[in-house]
A.B. asks: 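Here it is, the structure, as structure tokens.
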There are 2 protein chains.
Amino acid sequence: MNRNDLRVVKTKQALHNALLTLLSEKPLESISIAEICREAKVNRGTFYLHYEQKEKLFEEYFQEIMADLNNSYEEPYRAVTNFNKDELDPNTVRIFHHIERFKMFYRIVFSKNVPLTYYYMLFDEIQALLKRDLAQNKNTGLSLDFYSAYQANAIIGIILEWYRHDFTESVSTLNEQLVTILKFKP
Amino acid sequence: MNRNDLRVVKTKQALHNALLTLLSEKPLESISIAEICREAKVNRGTFYLHYEQKEKLFEEYFQEIMADLNNSYEEPYRAVTNFNKDELDPNTVRIFHHIERFKMFYRIVFSKNVPLTYYYMLFDEIQALLKRDLAQNKNTGLSLDFYSAYQANAIIGIILEWYRHDFTESVSTLNEQLVTILKFKP
DNA sequence: TATTTTAATGAACACATGTTCAATACATAA
DNA sequence: TTATGTATTGAACATGTGTTCATTAAAATA
């Protein structure tokens, strides 16, 4: 399957557009593959030539979003992960901006009936960012795998709670909360 | 639908046993409702009388596991959540024991193609435990919702990483890692 | 035990899934 | 432009999904 073949490009584009159209009408879980194909005017067999599930199609979008998280927010996010807690400026935390920007996607990612795949994609991305920054600290007895998993998922915990509040709080409120938590010594 | 009616009890039991039998052969995602009903010798229509999806059936088991997490581990877990970090004895942390005990279930809960539902059930349970313990600390500017979400999901982050290592590390190694992380001041 | 109530059944329905295969249409490269 | 390669199509098939409804069987209760 040659990804550059115009036929392939056309088909994938049609499926992408069809999914986006349908997503604006109803949630991912109630969209069928047959429906996507009807909308895209693509044979159902052709769908299976490119994707196993409708989730794989959505995954292609999500990868672009993960690239955004990685590229645009790497530097400012590092400010948090460095854990210079007392010098930390809430406004340098960019991750919540990113989430807010792609709110409609994260509503899907965090919805109950969606597979864990997307959660792992987000987790992997943040954990990789953290690992890069934490690699310097060679603390004896501290496993980089577990420590980065701990910190990465903690951040996602806040995002999860934010999602459950239907993203009502402002980005700066979230930033302040994170900074307060990181500074807090019980 | 009377939950005490013997017919209901019998049907649910048959479906429970059928699911357990099939789960020992293959993953949840590749088990069909029709298959469960054939195995349980229950009419497919009857299944829909009690559950909407096969996931709801699995959920009934998982609720028992959550009850175990809540009951047996509440007290010792509190030792961690009190954040008397320097006095903390790694052996008092019981949550990893619980996970290890129900390893086969958590393999399902954390697998890629399973819906987020179970993740939320685990998250809710741990967050509720934390909220109970953290309610005393009335720290200005610190939201209990976000702080407990942060801490609860951080713990799950460690469990997630453990799952990805296929639970190879020992429980005491996990306990030590958690204590080290909690003591660590960057 | 006899009567009432209601859960379970089987059959049928329209639609979705996942797969196969020969026929066709359309890019790419000669 | 033509020849070659291959992505796409349509049709078919077995199976699964989710729902309805009259009938049957088995509990609860009187």
Side-chain angles (χ1 to χ4, degrees), chain A residues 1-61 108 111-118, chain B residues 1-61 108 111-118:
Chain A
M1 201 71 59
N2 182 0
R3 294 183 64 87
N4 296 325
D5 190 315
L6 280 191
R7 290 170 294 182
V8 174
V9 173
K10 195 196 89 184
T11 297
K12 288 200 162 195
Q13 217 157 57
L15 290 171
H16 280 194
N17 291 336
L19 181 60
L20 260 200
T21 302
L22 292 169
L23 274 177
S24 68
E25 292 166 15
K26 44 175 148 176
L28 182 63
E29 71 251 40
S30 59
I31 298 173
S32 70
I33 291 174
E35 206 172 359
I36 297 169
C37 295
R38 271 196 303 275
E39 175 74 29
K41 294 185 204 320
V42 162
N43 190 277
R44 203 159 52 79
T46 309
F47 179 96
Y48 288 106
L49 239 44
H50 296 287
Y51 311 97
E52 302 105 69
Q53 326 163 280
K54 63 188 170 189
E55 278 79 15
K56 294 285 172 184
L57 178 58
F58 181 79
E59 212 173 290
E60 287 194 345
Y61 287 110
I108 296 170
S111 62
K112 271 188 153 191
N113 292 310
V114 128
L116 264 179
T117 326
Y118 315 131
Chain B
M1 200 71 56
N2 181 2
R3 293 182 64 86
N4 296 325
D5 191 313
L6 282 191
R7 290 168 294 184
V8 173
V9 173
K10 196 197 87 182
T11 297
K12 288 201 163 196
Q13 218 156 56
L15 290 172
H16 279 193
N17 292 335
L19 181 61
L20 259 201
T21 301
L22 293 170
L23 274 178
S24 67
E25 294 166 17
K26 44 175 149 177
L28 182 62
E29 70 249 43
S30 59
I31 298 173
S32 70
I33 292 174
E35 207 172 358
I36 297 169
C37 294
R38 271 197 304 274
E39 174 74 28
K41 293 183 204 321
V42 162
N43 190 279
R44 202 160 54 82
T46 309
F47 179 95
Y48 288 105
L49 238 44
H50 298 287
Y51 311 98
E52 303 105 68
Q53 328 161 279
K54 61 188 173 190
E55 279 79 16
K56 293 285 173 183
L57 178 57
F58 181 79
E59 210 172 292
E60 287 195 346
Y61 287 111
I108 297 169
S111 61
K112 271 188 153 191
N113 291 309
V114 128
L116 265 177
T117 327
Y118 315 130

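Letters A, B, ... mirror the listed sequences (proteins, then strands); counts begin at 1.
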A.B. asks: Can you sort out the partners of A/R38 under side-chain contact (heavy atoms from CB on, under 4.5 Å), two or more places apart, ordered by chain and number?
C.D. replies: A/A34, A/E35
A.B. asks: Report the C-alpha distance between B/E59 and B/Y51 in whole Å, list the side-chain angles of each, state the deciding distance to 0.1 Å, and finish with yes or no for side-chain contact (heavy atoms from CB on, under 4.5 Å).
C.D. replies: CA-CA 10 Å; B/E59 210 172 292; B/Y51 311 98; over 6 Å; no
A.B. asks: First contact, last contact: which nucleotides of DNA chain D are these for chain B, 5' to 3', heavy-atom distance under 4.0 Å?
C.D. replies: D/dG16 to D/dA28
A.B. asks: Nearest 0.5 angstrom please: A/Y48 OH to A/Q53 CD, how far?
C.D. replies: 9.5 Å
A.B. asks: To the nearest 0.5 Å, how far apart are OG1 in B/T11 and NZ in B/K41?
C.D. replies: 14.0 Å
A.B. asks: Of A/F58, A/Y61, A/F47, which is the lone residue that meets ring pair (Phe, Tyr, Trp, His ring centres under 6.0 Å) with A/H16?
C.D. replies: A/Y61
A.B. asks: In chain order, what residues pass the side chain to side chain donor-acceptor pair (under 3.5 Å) check against B/H50, with sequence neighbours excluded?
C.D. replies: none
A.B. asks: Who pairs with A/E29 by salt bridge (Lys or Arg N to Asp or Glu O under 4.0 Å), at least two apart in sequence or on another chain?
C.D. replies: none
A.B. asks: List the residues meeting side chain to side chain donor-acceptor pair (under 3.5 Å) with A/D5, not counting sequence neighbours, and say none if there are none.
C.D. replies: A/R7
A.B. asks: Which pairs with one or both residues in residues 17-42 of chain A pass ring pair (Phe, Tyr, Trp, His ring centres under 6.0 Å), sequence neighbours excluded?
C.D. replies: none
A.B. asks: For residues 19-44 of chain A, which residue pairs qualify under ring pair (Phe, Tyr, Trp, His ring centres under 6.0 Å), counting only residues two or more places apart or in two chains?
C.D. replies: none
A.B. asks: Give, ordered by number, those residues of residues 36-45 of chain B having at least one heavy-atom distance below 4.0 Å to an atom of DNA chain D; if nothing qualifies, reply none.
C.D. replies: B/R38, B/R44
A.B. asks: Kindly compute the distance separating CD1 (B/I108) from CG (B/L28), expressed to the nearest 0.5 Å.
C.D. replies: 6.0 Å
A.B. asks: Listed in order of residue number, which residues of residues 13-35 of chain B have a non-hydrogen atom at under 4.0 Å from DNA chain D?
C.D. replies: B/S32, B/I33, B/A34
A.B. asks: Counting distance only, does the side-chain N/O of B/T21 pair as donor-acceptor with the main-chain N or O of B/N17 below 3.5 Å?
C.D. replies: yes
A.B. asks: Are B/L116 and A/Y118 side-chain neighbours, meaning at least one heavy-atom pair lies under 4.5 Å?
C.D. replies: no
A.B. asks: For nucleotides 23-30 of chain C, print each protein N/O atom paired with a nucleotide N/O atom at under 3.5 Å, atom names and distance only.
C.D. replies:
from   : atom 1 : to   : atom 2 : distance (Å)
C/dC26 : O2     : A/R7 : NH1    : 3.1

A.B. asks: I'd like to know whether A/I31 forms a side-chain contact (heavy atoms from CB on, under 4.5 Å) with A/L23, so could you lay out the CA-CA distance, the side-chain angles of the two residues, the decisive distance to 0.1 Å, and finally the verdict.
C.D. replies: CA-CA 8 Å; A/I31 298 173; A/L23 274 177; 4.0 Å; yes
A.B. asks: The criterion is side chain to side chain donor-acceptor pair (under 3.5 Å); which residues satisfy it with B/K54, sequence neighbours excluded?
C.D. replies: none
A.B. asks: Near DNA chain C, which residues from residues 46-54 of chain B have a heavy atom under 4.0 Å away?
C.D. replies: B/T46, B/H50
